[in-house]
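These notes are about the structure you will find just below.
Computed from a prediction, not measured in an experiment: that's the story for all the values here.
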Amino acid sequence: MLLELDCGNTLIKWRLLDQEGRVRDGDMAPDLVELQRLLGGQEREIRGCRLVSVRSSEETQVVVDQLASWLKLHPELARPARCLAGVSNGYEDYTRLGMDRWLALVAGYDLCRKACVVIDLGTAVTVDYVDASGQHLGGYIAPGSKLLRAGLVRHTRLIRYEGVPRGERDISTPGRGTAEAVEHGCDLMLAGFVREQLRIAHEVVGTGMVVILTGGDAERMAEFLPEGCHVIGDLVFRGLALACPMEPV
C-alpha cells in the first residue's frame, strides 16, 4: 500500500491507497504516534510513502526521518518547483508559495486543463488563478471561518456564546441572539469574499473558467455560489501524486 501525508501546522491528514489506487483508509492525526495507532498494524503493508508539508524545513525533516525509521523506507517529499504538470508557478519567488496551495492549483488545472480558480476554504482561505495555458497568475489569502469567529471572541469582551449547529442556520436572516449574529455574520463575510473572487476571476482569466472548491468549508460555501462549482476534497493529495509519482504496491 501507499501512504500519503499532508502535514499541516497542527494536524496531519493521511490516507492509504491500495494496489489499484483506491483509498483504503484515511483520517487526521496530531502526530506520527497517533497516526501509528490509527493505522492499527496496517503499516506492515506500506511499501511507499509520499508527503507534502507546510511546516518549517527543520520540522519537516524530523517527520521525514521519523517516517523513514518507522516504515523502513525513504519517503518522497514534494518540493517547490517552477513548473509542474503543465503549470508555471506565478510567484516572483516560487519557493515562497505554500506547498499545499501549489499542489492544489496544479491538481485543479490538471483535472480540467482550462482556465480555473482554485479556492481552498480551510483555516485560511486561499485563492489561486490559473489561465488556459497553465500560467499561475497569483491569488489571495484571507482568514477562514474559524479565524473570523476566534478573532471576535478574542478581541471583544462581551461576545461569548456556544456555537449554533450549522445545519440549523439560515445566514440570510438576521441573528436574534449573539450566537446567531456572529455565526451568520461570519458566514456572510466568507460567502461575500468568495463571490467577489469569482467576479475578479472573470476579469483576470475570462469567461468559461472552472471553479474548484476544496477544504473544510467547501461544501457549505458551494451552497451560496452559482451552480457549476466543483467540490473536490482531496485536491492536495491529487497534486501530491503529480509531484511525487509512485505506483501503489
For Leu84 and Leu242 the tightest heavy-atom approach is CD1-O, 3.8 Å
Please give me the minimum heavy-atom distance between Ala107 and Gly239, naming the atom from each residue. CB-N, 3.5 Å
Where the side chain of Arg24 meets the backbone of Gly21, is there a donor-acceptor pair that is under 3.5 Å apart? no
So, do Leu73 and Cys49 sit near enough that their side-chain heavy atoms are less than 4.5 Å apart? yes
Less than 4.0 angstrom from a charged side-chain N to a carboxylate O is my criterion; do Asp217 and Lys146 meet it? no
Salt bridge check, Glu43 against Lys72: does any charged N sit closer than 4.0 Å to a carboxylate O? no
Once you round to the nearest 0.5 Å, how far does CE of Met246 lie from CD of Glu4? 9.5 Å
So, Glu196 side chain and Phe193 main chain: donor-acceptor pair closer than 3.5 Å or not? no
Is Glu92 atom CD crowded by more than 12 heavy atoms from other residues, nucleotides or ligands, each under 6.0 Å away? no
Less than 4.0 Å between a side-chain N and a carboxylate O, is that true for Arg101 and Asp128? yes
Check step by step if side chain to side chain contact (heavy atoms under 4.5 Å, CB included) holds for Arg37 and Glu34. CA-CA 5 Å; Arg37 188 192 69 79; Glu34 179 64 11; 2.6 Å; yes
Taking all heavy atoms of Gly215 and all of Asp120, pick out the closest pair and write down the distance. CA-OD1, 3.5 Å
Could you tell me whether the side chain of Val33 reaches within less than 4.5 Å of the side chain of Gln36, counting heavy atoms only? no
Pair Ser145, Cys186 - check side chain to side chain contact (heavy atoms under 4.5 Å, CB included), show working. CA-CA 6 Å; Ser145 61; Cys186 289; 5.7 Å; no
Hey, does Phe224 have a side-chain heavy atom less than 4.5 Å from the side chain of Val194? no
Roughly how far apart are Leu35 CG and Gln66 CD, rounded to 0.5 Å? 11.0 Å
Is there a side chain to side chain contact (heavy atoms under 4.5 Å, CB included) between Ile200 and Tyr140 once you walk through the steps? CA-CA 11 Å; Ile200 295 173; Tyr140 296 86; 3.9 Å; yes
Check whether any side-chain N or O of Arg47 sits under 3.5 Å from a backbone N or O of Met1 as a donor-acceptor pair, and report yes or no. no
Close side-chain approach of Asp25 to Gln42, heavy-atom, < 4.5 Å: yes
Shortest non-hydrogen contact from Asp100 to Val52? N-CG2, 4.4 Å
Nearest-0.5 Å distance, CG of residue Leu3 to CH2 of residue Trp70: 6.5 Å
Less than 4.5 Å apart, side chain to side chain, heavy atoms only: is that true for Arg195 and Leu225? yes
Would you sort out whether Met209 and His202 count as a side chain to side chain contact (heavy atoms under 4.5 Å, CB included), showing the intermediate values? CA-CA 8 Å; Met209 65 179 180; His202 281 294; 3.5 Å; yes
Treating Ile, Leu, Val, Met, Phe, Trp and Tyr as nodes and any side-chain heavy-atom pair under 4.5 angstrom as an edge, say whether Val231 and Leu198 lie in one connected cluster. yes
Please determine if Asp234 and Arg15 form a salt bridge, counting it only when a charged side-chain N lies under 4.0 Å from a carboxylate O. yes
Side chain of Thr214, backbone of Ile232: donor and acceptor closer than 3.5 Å? yes
Using the rule that two of Ile, Leu, Val, Met, Phe, Trp, Tyr join whenever any of their side-chain heavy atoms come within less than 4.5 Å, decide whether Val127 and Val130 are in one cluster. no
ILVMFWY cluster, Leu240 and Leu32 together (side-chain gap under 4.5 Å): no
At what distance, to the nearest 0.5 angstrom, does CD of Gln19 lie from CG of Leu17? 11.5 Å
Shortest non-hydrogen separation from Arg55 to Gly8 and the atoms involved: NE-O, 2.6 Å
Given side chains that start at C-beta, do those of Lys13 and Leu5 come closer than 4.5 Å, heavy atoms only? no
Please confirm whether the backbone N or O of Ser56 pairs with a side-chain atom of Thr60, one donor and one acceptor, at under 3.5 Å? yes
Can you name the one residue among Leu213, Leu103, Val106, Leu111 that meets side chain to side chain contact (heavy atoms under 4.5 Å, CB included) with Leu235? Leu111
Can you tell me if Tyr109 uses its side chain to pair, donor with acceptor, with the backbone of Ala132 under 3.5 Å? yes
Is there a path of hydrophobic side-chain contacts, each under 4.5 Å between heavy atoms of I/L/V/M/F/W/Y residues, joining Leu16 to Val63? yes
Could you check if a side-chain atom of Val117 sits within less than 4.5 angstrom of a side-chain atom of Val205, using non-hydrogen atoms only? no
Side chain to side chain contact (heavy atoms under 4.5 Å, CB included), paired with Tyr129, selected from Val118, Val204, Leu105: Val204
Roughly how far apart are Trp14 CH2 and Cys7 SG, rounded to 0.5 Å? 13.0 Å
Establish whether Leu67 and Leu38 are linked, either directly or via other cluster members, by ILVMFWY side-chain heavy-atom contacts under 4.5 Å. yes
Working to the nearest 0.5 angstrom, can you tell me the gap between Met221 CE and Cys229 SG? 11.5 Å
Going by distance alone, is a donor N or O of one side chain under 3.5 Å from an acceptor N or O of the other, for Arg82 and Tyr91? no
Side chains of Val125 and Ile119, heavy atoms from C-beta outward: is any pair under 4.5 Å? yes
Quick check: does any side chain N or O of His136 sit under 3.5 Å from a backbone N or O of Asn89, one acting as donor and the other as acceptor? no
Restricting to non-hydrogen atoms, name the atom on Gly108 and the atom on Cys116 that form the minimum distance, rounded to 0.1 Å. C-SG, 4.3 Å
